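These numbers come from a predicted model, not from an experiment. Sequential numbering from 1 along the given sequence is applied to the chain's residues.
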Amino acid sequence: MSNALTTTAPAVPERFANPLRQIRGVMAQPAVRRSAPMAMLVGLIGAAGLAYASLSTPPQKTLFANLADADKAAVMASLQQADIGAHVDDATGAVTVDEDQYSRARMLLASQNLPKAAPGGYAILDQLPMGVSRAVEGERLRQARESELARSIQEIDSVAEARVHLAMPEATVFVRDHAEPSASVVVKLNAGRSLSDAQVSSIVNLVASSVPGMKPDAVTIVDQAGALLTRPGGRDGLGKAGDERLDVQNRVEDKVRQQLTQLLTPLLGAGNFSAEVQADVNLDETQATRESYEKQGALRAETGQWTGNQGGGAAPGGIPGALSNTPPPASTLQVPTPAVGASGSPQPQAGAAPPDPAKQSDSYQRAYDLGREVSVTRGAPGSIKRLSVAVLLRDPATGKRTAMEINQITDLVKSAVGFDANRQDQVTVISRKFAGASDAVDTSKWYDNAWLPVLARNGTAIIIALLVLLLGVRPLAKALMKKKEEAEAPVPGSAPALGTGGAGVGADGIAVSPPVSLDQLETARGYDERISAVRGFTRDNPARAALAVRDMIRTDGQ
């Protein structure tokens with residue numbers, strides 16, 4: 001019954017019974033075992049070459065970021081011809097070269113006038129042919145100015161590219177109202193960068209100053225995202241005044257903070273204190289006008305008339321010259337009566353000359369200027385209304401600061417900042433332990449050093465070479481030496497011949513035992529000789545030996 005069940009059971013092919021055992025059997029074969037060290041050596045050498053090729057590539061540096069395809073092809077051909085390693089980034093299209101060959105590549109391309117971009121700046125005027133019209137000449141001049149302005153704007157760190165468009169109307173005497181020139185600027189900023197208000201104002205003034213008759217309000221600046229960086233007509237008065245107020249306040253606070261730093265650094269040391277200043281600055285502008293007049297005026301003009309008295313005089317008569325030698329009649333003093341309603345009539349004063357007797361009345365009009373003083377007072381903004389200062393001191397490592405020391409430092413701070421009790425200024429000084437206090441340490445990362453890639457590349461090459469020697473060459477040499485020793489050493493108790501006259505020598509110089517046949521097994525005499533013959537037969541005929549062992553097992557089972 002057991003034999004029937006054994007014969008009828010479905011047999012699984014031996015080669016699929018256990019894959020792991022099959023792999024072990026393959027690896028246990030003499031040919032595979034002999035070639036394993038060589039295969040390992042080749043694999044290690046290939047891995048070393050691949051690792052060295054990946055690590056030995058020097059750092060790349062961008063040579064040109066944006067190039068046309070024609071210029072890119074010409075640049076790559078020139079660099080490859082000069083044996084300069086150049087690469088084209090598939091993502092950005094930038095041309096990169098080895099960092100140590102960057103300067104050489106730039107000089108080589110400059111000598112070959114590459115890349116052949118369109119001429120810019122005033123070089124455009126060099127290509128101007130003779131006999132062109134005035135309109136073409138004006139357009140070329142405008143284009144040259146635009147190119148030069150764009151190059152000047154690109155010198156700013158935040159600006160990657162710039163384009164300038166100038167609108168310059170032609171001047172003529174036949175037009176009464178002339179249009180003013182204007183300009184538009186398009187800037188492409190670097191990644192993560194932006195232009196401050198001061199930089200925008202600098203670009204506006206640069207363009208306006210480069211074109212005759214252009215005002216800063218006529219310059220418009222736009223970035224690559226389409227955002228308008230300048231406002232039409234400039235900033236409004238409220239926004240500009242607010243910026244000026246903040247600027248004045250920041251300058252005052254920075255000045256006071258700098259004074260505190262210069263005062264406390266020699267006393268406490270750098271990093272042992274922290275100071276903050278809050279200044280309430282009076283930014284109101286005051287203007288006053290005053291006029292004052294003197295009580296006594298100054299005579300500016302005088303107009304008038306007077307009338308003489310003709311009633312008391314004798315009429316002339318007689319022969320002319322007859323009474324020329326006779327004395328005149330006695331004169332009488334008469335006080336004239338002033339005319340009623342006469343303005344400006346002089347009043348007799350004591351000790352004054354007597355009035356003219358022939359004068360009956362007078363009338364005068366006099367104009368006086370009063371003295372006037374005009375005073376204009378204008379208070380400039382920027383005075384400090386209130387000042388608040390806070391100083392934090394670090395406690396020494398051995399103990400705490402005494403109250404006397406803190407009071408002395410407080411007095412020094414008050415003197416440095418110009419403390420005024422009438423303004424209700426505040427100065428606060430305290431001493432505490434700093435959280436995580438430590439001396440200033442270099443914040444640069446160790447992996448940012450330039451020597452690290454070179455050291456890693458050389459160290460990796462040395463490690464790979466050692467691995468090749470230890471794991472490849474050394475086991476292979478040991479295996480070859482062991483096989484040679486085994487071939488040269490005689491097998492204990494075995495006959496050297498067994499009918500063939502001894503062992504032969506193979507092609508590789510290693511001793512090879514002759515094949516053992518069944519007749520030699522039967523004719524073996526001694527026990528040791530028989531065992532040696534069985535080993536040789538098993539080595540030469542492994543399949544037949546396995547079948548013999550299987551038959552013996554089945555026979556024992558029955």
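Not a single donor-acceptor pair under 3.5 Å links the side chain of Q249 to the backbone N or O of V281. Listed for the D89 side chain is no donor-acceptor partner under 3.5 Å among the backbone atoms of G93. The main-chain N or O of A74 is never found under 3.5 Å from a side-chain atom of S78 such that the two would form a donor-acceptor pair. Using a distance-only test at 3.5 Å, with no hydrogens or angles considered, a donor-acceptor pair links the side chain of S111 to the main chain of L108. Between the N190 side chain and the R193 main chain, no donor and acceptor come within less than 3.5 Å of each other. No donor-acceptor distance shorter than 3.5 angstrom exists from the side chain of E139 to the backbone of V136, with no hydrogens or angles considered. R386 places a side-chain N or O within donor-acceptor distance of the main-chain N or O of Q424, the cut-off being under 3.5 Å. Judged by distance alone, the side chain of R163 and the main-chain N or O of V185 form no donor-acceptor pair under 3.5 Å. A donor-acceptor pair under 3.5 Å links the side-chain atoms of T230 to the main chain of I221, judged by distance alone. Formation of a donor-acceptor pair under 3.5 Å by the K414 side chain with backbone atoms of D420 is not found in this model.
Of the inter-residue distances, the one linking L268 atom CG with T265 atom OG1 reads 8.0 Å to the nearest 0.5 angstrom. Here T220 contributes atom OG1 and L228 contributes atom CG; the two are 6.5 Å apart, rounded to the nearest 0.5 Å. Between the CG atom of N272 and the CZ atom of R394 there is a distance of 4.5 Å, given to the nearest 0.5 Å. For the atom pair L206 CG and S201 OG, the distance stands at 12.0 Å (nearest 0.5 Å). Once rounded to the nearest 0.5 Å, the distance linking CG of D247 with CG of D197 reads 11.0 Å. Once rounded to the nearest 0.5 Å, the distance linking CG of L67 with CG of L114 reads 10.0 Å.
Nearest heavy-atom pair, I153 versus V159, reported as atom, atom and distance to 0.1 Å: O-CB, 3.8 Å. The nearest pair of heavy atoms linking E253 to A279 is OE2-N, 3.3 Å. Nearest approach of A183 to V207, heavy atoms of both residues: CB-CG1, 3.6 Å. Closest heavy-atom contact between P181 and P169: CA-CD, 3.9 Å. Residues E99 and K61 share a closest heavy-atom pair of CA-CB, 4.4 Å. The two residues I84 and Q101 have their closest heavy-atom pair at CG2-OE1, 3.1 Å.
Between E180 and M214 the shortest side-chain heavy-atom distance does not fall below 4.5 Å. L267 is listed as a side-chain neighbour of I409, based on a closest heavy-atom distance under 4.5 Å. For the pair V389/T428, no side-chain contact is recorded, criterion being any heavy-atom separation below 4.5 Å from C-beta on. Residues R432 and L393 fail the side-chain proximity criterion, which asks for heavy atoms closer than 4.5 Å. Counting only heavy atoms from C-beta outward, the side chains of Q224 and V186 never approach each other to under 4.5 Å. Side-chain contact check for Q199 versus S158: some heavy-atom pair is nearer than 4.5 Å. You'll find the side chain of D280 stays beyond 4.5 Å of the side chain of I384, heavy atoms only. Proximity of V391 to L264: side-chain heavy atoms (C-beta onward) are separated by under 4.5 Å at one or more points.
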Pair L229, V222 - check side chain to side chain contact (heavy atoms under 4.5 Å, CB included), show working. CA-CA 6 Å; L229 303 181; V222 182; over 6 Å; no

Would you please test R151 and E155 for side chain to side chain contact (heavy atoms under 4.5 Å, CB included) and show each step? CA-CA 7 Å; R151 289 182 178 180; E155 295 297 328; 5.7 Å; no

Would Q60 and Y102 count as a side chain to side chain contact (heavy atoms under 4.5 Å, CB included) if you check the C-alpha gap in whole Å, the side-chain angles of each, and the deciding distance to 0.1 Å? CA-CA 9 Å; Q60 299 292 308; Y102 177 78; over 6 Å; no

Are V187 and E161 close enough, and set up right, to give a side chain to side chain contact (heavy atoms under 4.5 Å, CB included), and what steps lead you there? CA-CA 6 Å; V187 294; E161 295 181 8; over 6 Å; no

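A salt bridge is defined here as a Lys NZ or Arg NE, NH1 or NH2 lying under 4.0 Å from an Asp or Glu carboxylate O, and R423 with D425 meets this definition. We find that E146 and R142 are joined by a salt bridge, their nearest charged nitrogen and carboxylate oxygen being less than 4.0 Å apart. With salt bridges taken as basic N to acidic carboxylate O contacts below 4.0 Å, none links R251 and D254.
Screening D71, V95, L109 for a side chain to side chain contact (heavy atoms under 4.5 Å, CB included) with P115, the sole residue that qualifies is D71.
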